[in-house]
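Contents: one structure, followed by commentary.
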Number of protein chains: 2
Amino acid sequence: MARIAGSSGPRTEEAIRRAGLSLIATHGYAAMSLRQLAAEVGIQQGSLYNYFRNKQEFLFDLIRGHMLDLHAALDAALLPEGSAEARLTRFTEFHVAYHVARAQEVFICYSELRSLEPDNLAAVVAMRRDYERKLGDILDHGCATGEFRLADTRMATLAILAMLSGICTWYRPDGRLSREAMQEIFTGMVLALARGEAAEAVAVPPRRRGALRAGIG
Amino acid sequence: MARIAGSSGPRTEEAIRRAGLSLIATHGYAAMSLRQLAAEVGIQQGSLYNYFRNKQEFLFDLIRGHMLDLHAALDAALLPEGSAEARLTRFTEFHVAYHVARAQEVFICYSELRSLEPDNLAAVVAMRRDYERKLGDILDHGCATGEFRLADTRMATLAILAMLSGICTWYRPDGRLSREAMQEIFTGMVLALARGEAAEAVAVPPRRRGALRAGIG
DNA sequence: GTCTATAGTTTGATAGAC
DNA sequence: GTCTATCAAACTATAGAC
């Protein structure tokens, strides 16, 4: 926070990035003032405009940069071939590791889409669809080979992504479980969900549909 | 939007509630101005203060009221006894139905916790923990009876809630699937996840750990 | 209960000296 | 690249007439 006046450049840029991630993740983009951001970095508010043209551009740069990183990292981690189970395992391990390592950025990418202006939003949504498709392809393939049994692969895609991405909302570096433990636990749950073997053997209990309907107003 | 001037009362109150839910869900609490809210309702900005003391109280009332509804509805829908599978099925069906029926309110309850002042936040977090515990108890019970096989019931609780609550981020009333179809699909996935039967029989593929680590920066 | 008017802040963004 | 100073706009909240 305290800071000797003078030129910095790259150092300031990185400091702004980090402070911005932290403030936006904590309070949200709209609630973060540029004065607050500048104070966190230790510069004056007007100086921020050496690093972006306006507040919206700052947010977009953060989100876009992160999405590019995410895609590149996923492509490096994924198996091009192999059984659907192996690929799903790899996908899950990657996703958990990434969400644990960069929880703040991931969280912002989910929670601040609403703060993007239309053109910027469209660009980010397109990148996100690509990511969803990579998981969807694995699930489709697994259903085709019989490794997986899913009633609806689109719902399964959204369900698995929500389940894994939820990690960034509660994960803390000093938490109970190591990254490796979380990878193992979540891989187990995702595989069980995808195999879904015993699902149809269940005796569904009688439903008091009336009571349920009454409850949901 | 257009509106005849004059006294209303309860009608205005409900209009403010609905407009607030919509605006906050779309743009976020911090980004919603009271002028915007008043315009949506068709009254002047100062008149809002007949319905709340300040903006924060308005948000808290929305969230708190919804949490109370959620708890009451869950208690009405849940089975007090029965197999863990039956109770988990009931829980899932309820949760899906509620999130489909009141997606906006649910979404706000997740996304605007950050906008609550400390005391208000504490109250909401306490209510949320109760909700999590109800699911956690079902999972614990199922593991004890052997119906479920979960490596970590706390992680499973968070994973299932994230998976189900994710619905409110993408659900649209005019979507492809009916509420009933979604209930069935998600119940199948949740039960498969909880049973996790074949999970340990998997041959885990060899992992290029180096590549994975490199990917997560 | 609603209106108009306004007080008192805070905000994002710009201009110009160093 | 950073600072100081400032503008114009927007905000929450209040006061008082009807």
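In this text, all values refer to a predicted model and were calculated from it rather than measured experimentally. Numbered from 1 within each chain, the chains take letters A, B, ... in sequence-line order.
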### Query
Out of dC3(D), dT2(D), dC3(C), which nucleotide sits closest to the side chain of Gln44(B)?
dC3(C)

### Query
Axis-to-axis angle across the helix from dG1(C)-dC18(D) to dC18(C)-dG1(D), five pairs an end, to 10 degrees?
0°

### Message
Treating primed atoms plus P, OP1 and OP2 as sugar-phosphate and everything else as base, which nucleotides of nucleotides 11-18 of chain D get B, S or - for protein heavy atoms under 4.0 Å?
### Response
BBBB----

#### Entry: ring-ring contact (aromatic ring centres under 6.0 Å, His included) against Phe91(B), all qualifying residues, sequence neighbours excluded
His95(B), Tyr131(B)

### Query
Under the side chain to side chain donor-acceptor pair (under 3.5 Å) criterion, do Arg53(A) and Tyr49(A) qualify, and how do the steps go?
CA-CA 6 Å; Arg53(A) 283 186 309 162; Tyr49(A) 286 83; over 6 Å; no

For residues 17-27 of chain A, which side-chain donor-acceptor pairs fall under 3.5 Å, sequence neighbours excluded?
{"residue": "Arg17(A)", "atom": "NH2", "partner": "Glu105(A)", "partner atom": "OE2", "Å": "3.4"}
{"residue": "Arg18(A)", "atom": "NH1", "partner": "Glu14(A)", "partner atom": "OE2", "Å": "3.0"}
{"residue": "Thr26(A)", "atom": "OG1", "partner": "Ser22(A)", "partner atom": "O", "Å": "2.7"}

### Results of ring-ring contact (aromatic ring centres under 6.0 Å, His included) for Phe58(B) - residues two or more places apart only
Phe52(B)

### Task
Please state how far atom CG in Leu48(A) lies from atom P in dG1(D), giving the value in whole angstrom units.
13 Å

### Task
Please list all pairs passing the side-chain hydrogen bond (donor to acceptor under 3.5 Å, both in side chains) test where one or both residues lie in residues 117-126 of chain B, with sequence neighbours left out.
Gln56(B)-Asn120(B)

### Query
With a non-hydrogen cut-off below 4.0 angstrom, is Tyr51(B) in contact with a base, only sugar-phosphate, or nothing?
sugar-phosphate

### Task
Mind calculating the distance between CG (Leu37(A)) and C1' (dT10(C)) to the nearest angstrom?
16 Å

### Message
Let's see if you get this right: which residues in residues 111-118 of chain A place a heavy atom under 4.0 Å from DNA chain D?
### Response
none

#### Entry: Side-chain (Thr12(A)) to main-chain (Ser8(A)) donor-acceptor, under 3.5 angstrom
no

### Task
Just jot down the ring-ring contact (aromatic ring centres under 6.0 Å, His included) partners of His141(A), sequence neighbours excluded, or say none.
none

## Note on the structure
Leu59(A) atom CG is separated from dG12(C) atom C1', nearest whole Å, by 15 Å

### Query
Within the structure, does a side-chain N or O atom of Thr12(B) lie under 4.0 Å from either OP1 or OP2 of dG1(C)?
no

#### Entry: Non-neighbouring partners of Arg176(B) that pass salt bridge (Lys or Arg N to Asp or Glu O under 4.0 Å), sequence neighbours left out
Asp152(A)

### Summary
In short, salt bridge (Lys or Arg N to Asp or Glu O under 4.0 Å) pairs touching residues 25-38 of chain B with sequence neighbours left out are none

### Message
Rounding to an integer number of Å, can you tell me how far Leu23(A) CG sits from dG12(C) P?
### Response
12 Å

#### Entry: Pairing residues for Asp130(A) by the salt bridge (Lys or Arg N to Asp or Glu O under 4.0 Å) criterion, not counting sequence neighbours
Arg133(A)

### Message
My understanding is that only residues two or more places apart in sequence, or in another chain, count here; which of them pass side chain to side chain donor-acceptor pair (under 3.5 Å) with Gln36(B)?
### Response
none

